[in-house]
Amino acid sequence: MTNTDKIKLAQNIAVIAGIFCSVVALLLLLNFWQISKADPIESKALEVLVERLKEDPNNDGLKAEIRSYDLLARKAYFNSQWQIQTGAVLLIFGAIILAFALRVYYSAKAKIEAPEKILENEIASRILAQKGIVISGVAVFVLALAASFASVNYLDKYNIEVAVTETKPQSADEGIQVIDVGSAKSDSMQVAETGDSDVSATVATDSAKIETAPAVIELTAQSIKNNHNSFRGPFGQGITFHKNIPTRWDGAAGTNIAWKTAIPKHGYSSPVIWGDKIFVTGSDKESREVYCFNRTDGKLLWTGVADKIQGSPATPPRVTEDTGLSASTVTTDGNRVFAIFGTGDVIAFDMNGTRVWARNLGVPDNHYGHSSSLIVWDGKLFVQYDTNRGGKVLALNVTTGETVWEKIRASKISWASPVLAQVDGKYQLILTADPIVAGYDIKTGDELWQVKCMMGEVGPSVGFSDGIVVAANEYAKMVAIDAKTHQVLWEDDEYLPEASSPLAHNGLLIIATSYGVLACYDLKSGEKYWEHDVGKTFYSSPMYADGKMYMMDNDGVMRIYEFGKEMKLISENKLGEHAGTTPAFANGKIYIRGDKNLYCIGK
């Protein structure tokens, strides 16, 4: 091939690539414009149908129409996402071809041996033409990038404005504040008592704190089952092993209410139990706090304040009202209680409220607020820290707070919480986010497996039972995965949760949607057994207890069902205030956090 032929070929390829990039970029921009004008998820028609349903809640035909419309909206959303991703890849590919063709073109032009004598104005014309080609190529490339980024990131995000305390660069472990429990000052613990009246705090004296050091508790599977030490109970699986759980009460009338007590600061963390103590968190712009109550009478035993932590932001990050700064549930190993807040602060107290260690993981880039809960096992505190900057999971030493291992994940932001599952006799940490569901070795943090099957803003944690992992998310799909072979067993997209985590147990699967539908499936096949449309919002997660399924709606009404293949509603019980948290259980008792109070249900 002669040099002239190379020039012509490169020129033709550059023209074709330029036209290709321009067309794809234009289509992407049109796609972006169309979605911005009529987002399939934010449908006015669907809102009208929902309003009509509120006026006529028993209209089954209208319910079916809403479900069909919602399914079409989800499919339209998925289709637009596929078009955007495919267009972006084609755009980049075309830009690369264009750049390569231009490179070959100019290299070949430079090799012409004997230029002919040409007029000065002709030379100027050629130079102008060359500049035009370069400028056109750059313009197309910029247009391509603009279209790609504009289309992929069309969902608005909160602008997080964080004023961070100025500190010198440091490693992750240098930010740990470790306190010697034996030499802790008397003001490191705040002791308070409360009834239904205002909270009054008193500081314990040195003489009151002098006591024999408690024996170290060994965390075992049985001790975890005997308590309720994390979000959704033992190992985060939504199963409690306690018996004689109440099925009828009335919070407003006081019927079957053992006690209720005011919680000093608001929060969305669920209660956690160890022995005779129950823990929740609360926060506002001024402070973030951990509360320990007496499980017998509801008195506030102590308040632990998460303050003076190196690297903690001077001004809390911007969060939404329905998440706040204390949405994550604490966990405990019986020796210490661990909490994490929306500031990125992780803190550990002993069971008497003395601070043991504290550190800041970096302010989470999260446009709602951090809500992934903690879980503890094998001497490690596990933290799922998926933010807008990328995903990662950490294991911290429970005694010192130092990092045992840290793994970067191929995931985007997530609000789900880690679940511990025993697979082939070994425990692994199972996390879900966009786009992966994955299992991790608790000893090393190594990723054991992953399945790409999720998308969107993932809030529900996984369900696990009989070696099957179930992940689901609204506007995505529900997927059942064999934890041993890592194969997808079945998929479904009819009923999908927004925040409520799936409950898997004894061959059944329970799903609770944000628009008020409960659905029961066969865990292994995906066959749907029953559904119950209650028309209320579900953010709480369903719990299995004593042969029954307990489900709290956001209005504070707990519905109790027989756990079986047929829908049998046992009772509906009003708390008397709003509640979107997940309850904790003990023998003969249920503990529920409302908007303002902590309740003990039982005789």
Y529 atom OH: more than 12 heavy-atom contacts under 6.0 Å: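 It does: Y529 OH has more than 12 such atoms within range.
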Other residues, nucleotides, ligands: >12 heavy atoms within 6.0 Å of K536 NZ: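 It does not: K536 NZ has 12 such atoms or fewer within range.
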Could you check if a side-chain atom of [X] sits within less than 4.5 angstrom of a side-chain atom of [Y], using non-hydrogen atoms only?
X	Y	answer
I510	Y521	no
V346	N360	no
C453	I481	yes
L508	L523	no
F382	K380	yes
D553	Y539	no
I97	I13	yes
V517	H532	no

Using only atom types and a distance under 3.5 Å, with no angle test, would you say the side chain of [X] pairs donor to acceptor with the backbone of [Y]?
X	Y	result
D482	L489	no
S373	T329	yes
R409	V393	no
S540	T581	yes
D466	I468	no
T323	V319	no
S372	A416	yes
D434	S414	no
T403	W405	no

Given the rule in the side chain to side chain contact (heavy atoms under 4.5 Å, CB included) test, do L381 and L374 qualify, once you have shown the distances and angles that lead to the verdict? CA-CA 7 Å; L381 176 67; L374 303 173; 3.9 Å; yes
How about F235 and Y427: are their ring centroids closer than 6.0 Å?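 Yes, they do, as the ring centres are separated by less than 6.0 Å.
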Examine Y368 together with W415 and report whether their ring centres are nearer than 6.0 Å.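 Yes: the rings meet the under 6.0 Å criterion.
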One thing to verify: whether [Y] and [X] come together as a salt bridge, which I'm taking to mean a side-chain N less than 4.0 angstrom from a carboxylate O.
X	Y	answer
K528	D522	no
K484	D424	yes
E406	K392	yes
R288	D345	no

Stepwise side chain to side chain contact (heavy atoms under 4.5 Å, CB included) test for T582 and M551: CA-CA 8 Å; T582 300; M551 187 68 235; over 6 Å; no
Looking at every heavy atom in both [X] and [Y], which two are closest together, and how far apart are they?
X	Y	result
G445	K407	O-CG, 3.0 Å
V458	A433	CG2-C, 3.7 Å
S461	P502	O-CD, 3.0 Å
M454	A471	CE-O, 3.8 Å
N473	L496	O-CD1, 3.5 Å
P364	T343	CD-C, 3.8 Å

Please verify the inter-ring angle class for Y385 with H370; under 30° counts as parallel, over 60° as perpendicular, anything in between as tilted.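 Answer is tilted, since the angle falls between 30° and 60°.
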Let's go through V437 and W449 carefully: what are the C-alpha distance in whole Å and the side-chain angles of both, what is the deciding distance for side chain to side chain contact (heavy atoms under 4.5 Å, CB included) to 0.1 Å, and is it a yes or a no? CA-CA 8 Å; V437 179; W449 58 271; 4.0 Å; yes
[Y] and [X] side chains, donor-acceptor separation under 3.5 Å:
X	Y	answer
E498	S514	yes
S326	S283	yes
Y440	Q428	no
E527	W490	no

What's the spacing between [X] [atom1] and [Y] [atom2] if we round to 0.5 Å?
X	Y	atom1	atom2	result
Q310	R359	CD	CZ	11.0 Å
F341	S269	CZ	OG	8.0 Å
Q450	I430	CD	CD1	13.5 Å
K412	N388	NZ	CG	10.5 Å
L429	I375	CG	CD1	7.0 Å
S371	D322	OG	CG	10.0 Å

With S501, the side-chain contact (heavy atoms from CB on, under 4.5 Å) member among S417, S541, P542: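 Result for side-chain contact (heavy atoms from CB on, under 4.5 Å) with S501: S541.
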Should K477 and D492 be marked as a side chain to side chain contact (heavy atoms under 4.5 Å, CB included) after you check the CA-CA gap, both sets of side-chain angles, and the distance that decides it? CA-CA 6 Å; K477 56 186 174 181; D492 193 83; over 6 Å; no
